[in-house]
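First up is the structure itself, then whatever we jot down about it.
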Amino acid sequence: MNREGQGDDIIIASNLVKTFPGPVRALDDFSVTVRRGEVLVIVGPSGSGKSTFLRCLNGLEEVDSGTIIIDGLPLDDNEKHRLEIRREVGMVFQSFNLFPHLNVLENVSLAQRLVRGKSRARAREFSMELLARVGLADKAASFPAELSGGQQQRVAIARALAMMPRVMLFDEATSALDPEMIGEVLDVMRQLAEDGMTMVVVTHEMGFALEVSDRVLFMEQGRVIEEGAPEQFFNTPARARTRAFLRQIL
Amino acid sequence: MIRTRRTSLSLDLALLALLACLVGFIAYRITVHLDYAWHWGEIPQYILRHDDRTGRWVPNYLLRGLFTTLRLSLWGGLLALALGLAMALARTGRSLYWRLIARTYVLLLRNLPPLVIIFLFYFFLADQLIPHLALDVRARKAGPGVRWLLSLLVAEPGSISAFLSAVCTLALFEGAYITEILRAGIESVERGQWEAAHALGLRRHQVLRHVVLPQAFRQVLPTLAGQFISLVKDSSIVSVISIQELTYQGSQLMASTYLTIEVWVTVALMYMLLTFPCSLLVARLEARLARRHGGDGHDWGCLCRGEEVL
């Protein structure tokens, strides 16, 4: 698989514009590039367009203008491109969105069988491996409703990893969790980052951003206000707006 | 809390007493004043008849009618489900063309009296479409095994065309209700489910087949089962087009024997025989679903935590 533009930059998003009826400018000429293996944390006040950006990256939302290239493949009107990109990009949602009618093992195995065409046995084998990785091998037969929020989110991560994605998107993955469960999910994410996964993480967990990320990006009203290495971003922010934001949440 | 219970208890007792008075009064009118000769003894022979020629017991008018009603309901229900599913998918789909077609179908069928639909479609189907298939002729020419199977599962070889028309008409108008039930089910599935499935790379038909429809069906199963009970009852409408189902047989029997009350009480009991088990099943289904989903179907997040699931 040798595609044009498939260098070190795995995500190239250029000049994205997305408006919602209102009209709200969720993305306003937004550009960002993510390197292979990089962990990019996006922070910003609610309604700043962070989630919209993530959802545009795998085609859950369509941009009004601008281009997105993921691993050399343009995300455009071509349905085949869209499907291929979705296979390569895993996503973890704030509200878990596990399939409630399937047990944990089936949740993790479904896409492997339908999209990757794996046999039931092979999908099961890989699913169990992933569940062991997120520490939930003993819950394979449970239904989502029987699990705690933290456990559900770990299953959701395993489900996304089952597609062997090259990029993982985390859309406020810990925001809906009780405080005592945030740690277990962040641990899984940290491990994933150490294993070299390319990650784009929208989060309010500044400790995680400082410790795990390679770069922090602060956005507001659909624009990049400031970005930089985590130590520099948190210790010596350049912009007054960033300082005000950090004062508010830290 | 306790006080309201007490008041409602005395109210209940008063109501029950009133009801008992009413029942007593009706019983009194029937036994003393109703000028009616009861002949309950004649009813059983219309259910089962002893065939002197073969020396066996065979089903007579009423039981044959019950079987026809059962066959009508099963085939009508299956066809209505297929039609309803197709139309519900069209109604919730992306294509404006199909959405409009499905909407028109539902609008048309739900705003006409069933009887009118039956007449319109039956005469069209029975006169224009189905005769061209020459099913009756083919059925008569078929081997004895096939004929036996046909009369067991569908209808006597001579009346297959009429039966088929009735099934289609029934399915057509029940299908409109099932369309709306399934549409509600599909729309009750959260957006996040679509998004999670799409994000995994599933195609639209895979999302429907593996994620959305299983949840939608589970959500509306009790309603759907209730609609099937309605279908069993509504199947009596096709008696107007001389399908020999239970109601038709009842009216024929009444005309020839004048056992008005006995016949209709028996027919009512026979309908109950079909619908009552269905109702019990629906109640059990509802209880089971409520337990599984913590009552609401959407609160699967933490409500059921640690609870035993069937």
Side-chain angles (χ1 to χ4, degrees), chain A residues 54-55 57-61 79-80 82-103 106-116 141-153 156 159-165 168-169 171 176-178 181, chain B residues 93-95 182 184-222 224 285-310:
Chain A
L54 282 196
R55 294 160 58 81
L57 283 183
N58 65 352
L60 286 182
E61 303 275 3
E79 183 71 11
K80 264 180 78 179
R82 186 192 304 264
L83 283 170
E84 198 169 332
I85 282 176
R86 281 176 175 167
R87 279 170 214 179
E88 307 302 337
V89 178
M91 187 164 195
V92 177
F93 299 85
Q94 179 177 353
S95 50
F96 327 139
N97 295 347
L98 290 181
F99 306 132
H101 61 299
L102 301 177
N103 69 25
E106 291 162 341
N107 261 282
V108 182
S109 301
L110 185 71
Q112 294 181 61
R113 290 176 45 216
L114 293 180
V115 182
R116 295 278 190 222
S142 304
F143 280 88
E146 299 171 285
L147 304 181
S148 71
Q151 290 172 328
Q152 287 191 51
Q153 194 61 299
R159 179 177 69 173
L161 290 176
M163 295 299 293
M164 299 176 67
M168 283 284 282
L169 310 176
D171 187 6
L177 295 175
D178 293 335
M181 290 168 190
Chain B
R94 284 178 301 183
S95 147
L182 288 180
I186 290 171
E187 284 173 356
S188 79
V189 175
E190 287 167 71
R191 233 169 79 103
Q193 293 289 310
W194 285 94
E195 290 182 349
H198 276 314
L200 287 167
L202 271 67
R203 293 161 190 274
R204 187 180 159 83
H205 69 92
Q206 293 174 320
V207 180
L208 278 169
R209 158 84 181 74
H210 294 278
V211 176
V212 172
L213 285 180
Q215 293 182 58
F217 266 107
R218 208 164 287 198
Q219 191 76 24
V220 299
L221 203 55
L224 217 50
L285 272 176
E286 276 175 341
R288 213 179 118 165
L289 284 176
R291 229 176 316 162
R292 179 154 195 154
H293 285 296
D296 177 35
H298 288 305
D299 288 344
W300 48 273
C302 22
L303 267 174
C304 309
R305 199 179 301 165
E307 187 196 276
E308 278 293 309
V309 172
L310 285 174

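Side chains are part of it too, since the values below use all heavy atoms of this structure and drop only hydrogens, waters and symmetry mates. Naming convention: chains lettered A, B, ... in sequence-line order (proteins, then strands); numbering from 1 in each chain.
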Subject >> Interatomic distance, B/Arg203 atom CZ to A/Arg86 atom CZ [nearest 0.5 angstrom] >> reply: 11.0 Å
Subject >> Criterion side chain to side chain contact (heavy atoms under 4.5 Å, CB included) against A/Pro100, the qualifying member of B/Arg218, B/Glu190, B/Gln193 >> reply: B/Gln193
Original post:
More than 12 foreign heavy atoms under 6.0 Å from CZ of B/Arg209: is that the case here?
Top reply: no
Original post:
Looking at B/Ala199 and A/Phe93, what are the two nearest heavy atoms and their distance?
Top reply: CB-CZ, 4.1 Å
Original post:
Taking only residues two or more places apart in sequence, or in another chain, which ones meet A/Arg113 in a salt bridge (Lys or Arg N to Asp or Glu O under 4.0 Å)?
Top reply: none
**OP:** Could you tell me whether the side chain of A/Asn97 and the main chain of B/Gly192 form a donor-acceptor pair under 3.5 Å?
**Re:** yes
**OP:** Under 4.5 Å heavy-atom distance to chain B, tell me which part of A/Arg82 shows up: side chain, backbone, both or neither.
**Re:** neither
**OP:** Please look at A/Val92 and chain B and tell me whether the side chain, the backbone, both or neither of the residue comes under 4.5 angstrom of a heavy atom of that chain.
**Re:** neither
Original post:
Closest approach of A/Ala111 and B/Leu202, non-hydrogen atoms and distance?
Top reply: CB-CD1, 3.9 Å
Original post:
Under a 4.5 Å cut-off applied to non-hydrogen side-chain atoms, are B/Leu200 and A/Leu114 in contact?
Top reply: no
Subject >> Polar side-chain atom of B/His198 near backbone of A/Asn58 as donor-acceptor pair, under 3.5 Å >> reply: no
Original post:
If you count heavy-atom pairs under 4.5 Å between each of A/Arg55, A/Glu79, A/Gln112, A/Arg116 and chain B, which one has the most?
Top reply: A/Arg55
